[in-house]
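Values reported hereafter were calculated over all heavy atoms of this structure, with side chains retained and with hydrogens, waters and symmetry mates removed. Just so we're on the same page: letters track the sequence lines, and every chain starts at 1.
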2 protein chains.
Amino acid sequence: MVEESSRIAGPGLRADARRNRGRILVAARAVFAEHGIDAPIATVARRAGVGVATLYRRFPTRDALVRAAFAQQMETCARALTEALADPDPWRGFQRLVETACELQREEQGFSAAFVAAFPDSTVEHAQARERAERDLMTLVRRAQAAGALRADFHPSDLAVALLSHCGLVTALPRDSAAPRRLVAYLLQSFRAEAAHGALPPPSALSLRGLPLAADSSQRQRPSRA
Amino acid sequence: MVEESSRIAGPGLRADARRNRGRILVAARAVFAEHGIDAPIATVARRAGVGVATLYRRFPTRDALVRAAFAQQMETCARALTEALADPDPWRGFQRLVETACELQREEQGFSAAFVAAFPDSTVEHAQARERAERDLMTLVRRAQAAGALRADFHPSDLAVALLSHCGLVTALPRDSAAPRRLVAYLLQSFRAEAAHGALPPPSALSLRGLPLAADSSQRQRPSRA
DNA sequence: GTCCAAACGGACGGTGCCGTCCGTTTAAGA
DNA sequence: TCTTAAACGGACGGCACCGTCCGTTTGGAC
């Protein structure tokens, strides 16, 4: 059995190293929330009371830092999916999953940015975890549709539509804006079966790979420079 | 009467200067679309076949460049608002405004980024143009509600919710994704009066200032560094 | 053709961030 | 206590971008 604290702070590290690792992650979340996901690495190090070299030794790339910093949120997402499936009411399960994921995005400001950044690409690590998550999502959707609660033309990728558009709002607006909640409410209402009036444009071929619901996902360089 | 071409390319400029100004704007749209709104100024200059100094002389700040580059789209937005008001069918007018604005965001990639960047802040220039746009928006919304087509709890700021969330999708996903269209369809359906089922969370106190529908808006530094 | 103000563009100094290198400190086992 | 590998952190070279300066070119008026 692996020791408890090492699961969180990192295994096989010297006591001081483990302590610093923890400080770095706390600082990273704070700095990312305040200055965005692209804040200078040195700022995180300073905030953590640590030299840059120490930070780089533990997290060789920005990517690794971001992923580690938001690992907890990723796990919460994954847990929410499991709980959603366990809900006896199919619609309520679906609804709660959407709401929980969006709430996480709102709570930890940087998480949203990490979310979009991570979005469509993915590495192969933990492939089986992601596959299971994708299967679970499909099940959740199918089940809610079979119950006549979720509209029949809802496509699993519409979950990504909801989460990414919510992300956009969270990123664009100040922390306490009411707008993101409004968006979620509007979307959930139009996802209901009885809201289906006109036909929808065809869904994206896009898969769900990279959604943090799988408790692991990789980062992506978005708007590339020069 | 002002000469025609000078209205587009800039008045009172020497022939070569006017030509370069046009090239710069074309290049800027291309570069912003390809590399994002934060692409190096020098890249735009190179693409335009022009020295950096020339670019800086015409557009002293990145802001000025972005605004000039997307001025046409801004005007199209403003025109769409006027046309929406002119539509005898209140709902169709409303719907078309949303669709037109979103389509513009999709067409010119960089415009979305400019849109969010510009969002809540605004300078006072052309204050009367913006005020008129805000009044028109209110009228459009009220009229659609009075006709029983738009749900009664729709708040004018929900227009910003729609446009900004759509922006998020356009920015996060590759150009040809179907997701943004799906989002618009879902939102428009839930904006219909008959879609109103549960209560919505309270709307934002946020005004519409800065929406490009006013044909002028200023830029904003988003996630601040350091 | 002449002239000059306007326009041009390459070059350059300044700044901020990256990621590594290396001499110093320290945890922890013998 | 002694030893040593692990961890530390400041400093540094490299790089990309910014925005200006200034010597050169050119449009267009006379």
Specify the separation, in whole Å, of atom [atom1] of [X] and atom [atom2] of [N].
| X | N | atom1 | atom2 | answer |
| --- | --- | --- | --- | --- |
| B:Phe59 | D:dT20 | CZ | P | 16 Å |
| B:Ile41 | D:dA16 | CD1 | P | 18 Å |
| B:Arg46 | C:dA11 | CZ | P | 14 Å |
| B:Leu65 | D:dC18 | CG | C1' | 14 Å |
| B:Tyr56 | D:dG19 | OH | C1' | 5 Å |

Output yes when a side-chain donor or acceptor of A:Arg58 lies under 3.5 Å from a complementary backbone atom of A:Leu65, and no otherwise. no

Do A:Phe59 and A:Ile41 touch side chain to side chain, with heavy atoms closer than 4.5 Å? no

Indicate yes or no: at least one non-hydrogen side-chain atom of B:Thr43 is less than 4.5 angstrom from one of B:Arg46. yes

May I ask you to decide if the ring planes of A:Phe70 and A:Phe111 are parallel, tilted or perpendicular, using 30° and 60° as cut-offs? tilted

Kindly assign one of parallel, tilted or perpendicular to the pair A:Tyr186 and B:Phe191, based on the angle between their ring planes and the thresholds 30° and 60°. perpendicular

Partner set under ring pair (Phe, Tyr, Trp, His ring centres under 6.0 Å) for A:Tyr56, not counting sequence neighbours: none

With B for base contact, S for sugar-phosphate-only contact and - for none (protein heavy atoms under 4.0 Å), nucleotides 2-9 of chain C reads ---BBSBB

